[in-house]
Amino acid sequence: AVLQARGHVRGSGRRGGGCLSAGVRTVRMPRQRAGHERRRFHAIMEEIVSGFALAKPEQCLTIYLQNRMKKTLLAIFATIAVIAGISSNAAYAQNNFLKVKGKDIVKPDGSKFFIKGTNLGNWLNPEGYMFGFTNTNSASMIDRMFKELVGEEYTASFWKKYKDNYITREDIRFIKSTGANTIRLPLHYRLFTDEDYMGLTSEQDGFKRIDDVLGWCNEFGLYLILDMHCAPGGQGGGNVDDSFGYPWLFEDSECQDELEKIWVSIAERYADNPLVLGYELLNEPIEHRPATDSWDVLYYPKLEPLYKRLTAAIRAVDKNHIIILGGARGNIDFTMFTDWKFDSNLMYTCHCYFKEAPEKSVKYLVEFRDRTGIPMYVGETGHFTMEQQLAMSKYFIANNMGYTYWPYKKMKTGGSFVNFTPAAGWDSVVAFSEADRSSYQAIRRARPDQGVAKNAMQSFLEQCKFSNCKVDQNYINATLMK
């Protein structure tokens, strides 16, 4: 207290719970209780601190012994009581999380947990093909195209309503009803910045959207994986990570710093939430490997060190959650990894879109899992015939590879749990997205009637609601959720 009063030691606080700082150790407890105990503690110590702060160093002991013994003892007893309560809560929290144990994920009671679920793709990270677009295929490209089509303000309004309508409580309720136990949530880093993204330029709503999903997961009994689908600078060099066509993340130290800062803020917020299954640090890093660029030579050696750096930063604020590591080239290449012991709660993740039989196409991933001795989770799979999908699901189960199918929802029939019919007039939007827009003259020439375009976008917002979606039960059956 004396050092704090003199400005030599700062108290600490973290979002998501209260805390008291004791030297280098921070202990945590639920926010409401911590606030009550902190106020009590400060009231007891106020007179002591004020006396110490005004005294010379050599006078502090005299003040302490002569005038403050009674309240000092009370403070000590209060502190002991607080720390005892905090320790009890911390122990409970640490024992209430899913953990990695060998090649399995285990529940708090020690029983095995096998991931089965789906991805909320195209919600907080739009992808062109799920809108029916081909060339306009990344979040930034779609946003720019919409602004050229209907203007900046209308586009901002569209995105805000889109986020409200595309995934709702009813979607999460339905996902649970299929037998799923896990949802993977793709995220864009801009959701946690003041950059222009999906209708907002400040006070982004990434945490609000995660909190909404976690609330619904809590209600219906589901776990949530947080997936950094789009990192600063781009980790993949393609449309999926909304990049500029190159994995600048591995070249730019400022982008790496920003990514670390974002992950720490996420980990601080959800450190004590056991419904968060884990943090997937990067989706599909180093997505392509053109021979002319030698991305494997340039960036493969940088992937594992970046993972270690991010893990260390997260562990400084969150020792509870599983850290999930993806391989290169669309999460199928793991040849750059040499150390799977740098953290005790790691899991690898692959993506399986192979058309060959899993006994041939997926076997090498099982062998890698067996060699490392830690779990291999299939974060994305799908876009198969029903027969292929059923064979994949059976193979994953037989080989202890939990999975989440991609995606949960999309426009047009086929390849998702639910689908919806294209909005009236949507063809005109698609035509504009594919047209030449390389100059202002070209944009004006290609732009359809404003009324038609705006009506199509409003219709899309209605059509994508769960109440207007069609359930593809054959698809769901082939995922073997039940």
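Note that the structure is a prediction, hence the values are computed from the model and not measured.
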Exercise. Can you list the steps and then say if Y279 with Y270 is a ring pair (Phe, Tyr, Trp, His ring centres under 6.0 Å)?
Worked result: CA-CA 10 Å; Y279 306 132; Y270 302 112; 7.8 Å; no
Exercise. Can you check side-chain hydrogen bond (donor to acceptor under 3.5 Å, both in side chains) on N400 and D104, steps first, answer last?
Worked result: CA-CA 8 Å; N400 193 27; D104 296 325; 2.7 Å; yes
Problem set entry | F417 vs F174, ring pair (Phe, Tyr, Trp, His ring centres under 6.0 Å): CA-CA, chis, key distance, verdict | CA-CA 10 Å; F417 283 48; F174 174 76; 7.3 Å; no
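Distance alone, capped at 3.5 Å, is enough to place a donor-acceptor pair between the S243 side chain and the G238 backbone. K410 contributes no side-chain N or O that, together with a main-chain N or O of G121, makes up a donor-acceptor pair within less than 3.5 Å.
Using a 4.0 Å cut-off between charged side-chain N and carboxylate O, E148 and R447 make no salt bridge.
Atom NZ of K161 is surrounded by 12 or fewer heavy atoms from other residues, nucleotides or ligands within 6.0 Å. Counting heavy-atom neighbours within 6.0 Å of K261 NZ, excluding the residue itself, gives a total of 12 or less.
Residues S138 and D242 bring a donor and an acceptor atom of their side chains to less than 3.5 Å of each other. In this model, a donor atom of one side chain and an acceptor atom of the other lie less than 3.5 Å apart for S393 and Y405. The closest side-chain donor-acceptor pair between D333 and Y300 falls under 3.5 angstrom. A donor atom on one side chain and an acceptor atom on the other are not found under 3.5 Å apart for Q463 and N468. The closest side-chain donor-acceptor pair between N345 and K319, if any, does not fall under 3.5 angstrom. In this model, no donor atom of one side chain and acceptor atom of the other lie less than 3.5 Å apart for D252 and Q256.
One distance of note links CG of L149 with CD of Q450; it measures 6.5 Å at 0.5 Å rounding.
For the ring-ring contact (aromatic ring centres under 6.0 Å, His included) test with F146, the passing option among Y154, F460, W159, Y162 is W159; the others fail.
A centroid separation of 6.0 Å or more is found between the aromatic rings of Y377 and Y403. For F97 and H321, the ring centers sit closer than 6.0 Å to each other.
E380 meets the salt bridge (Lys or Arg N to Asp or Glu O under 4.0 Å) test with R184; sequence neighbours excluded.
In this structure, R269 is positioned above the aromatic face of F207, its NZ or CZ under 6.0 Å from the six-membered ring centre and within 45° of the axis. A cation-pi geometry, defined here as NZ or CZ lying under 6.0 Å from the six-membered ring centre and within 45° of its normal, holds between K409 and Y166.
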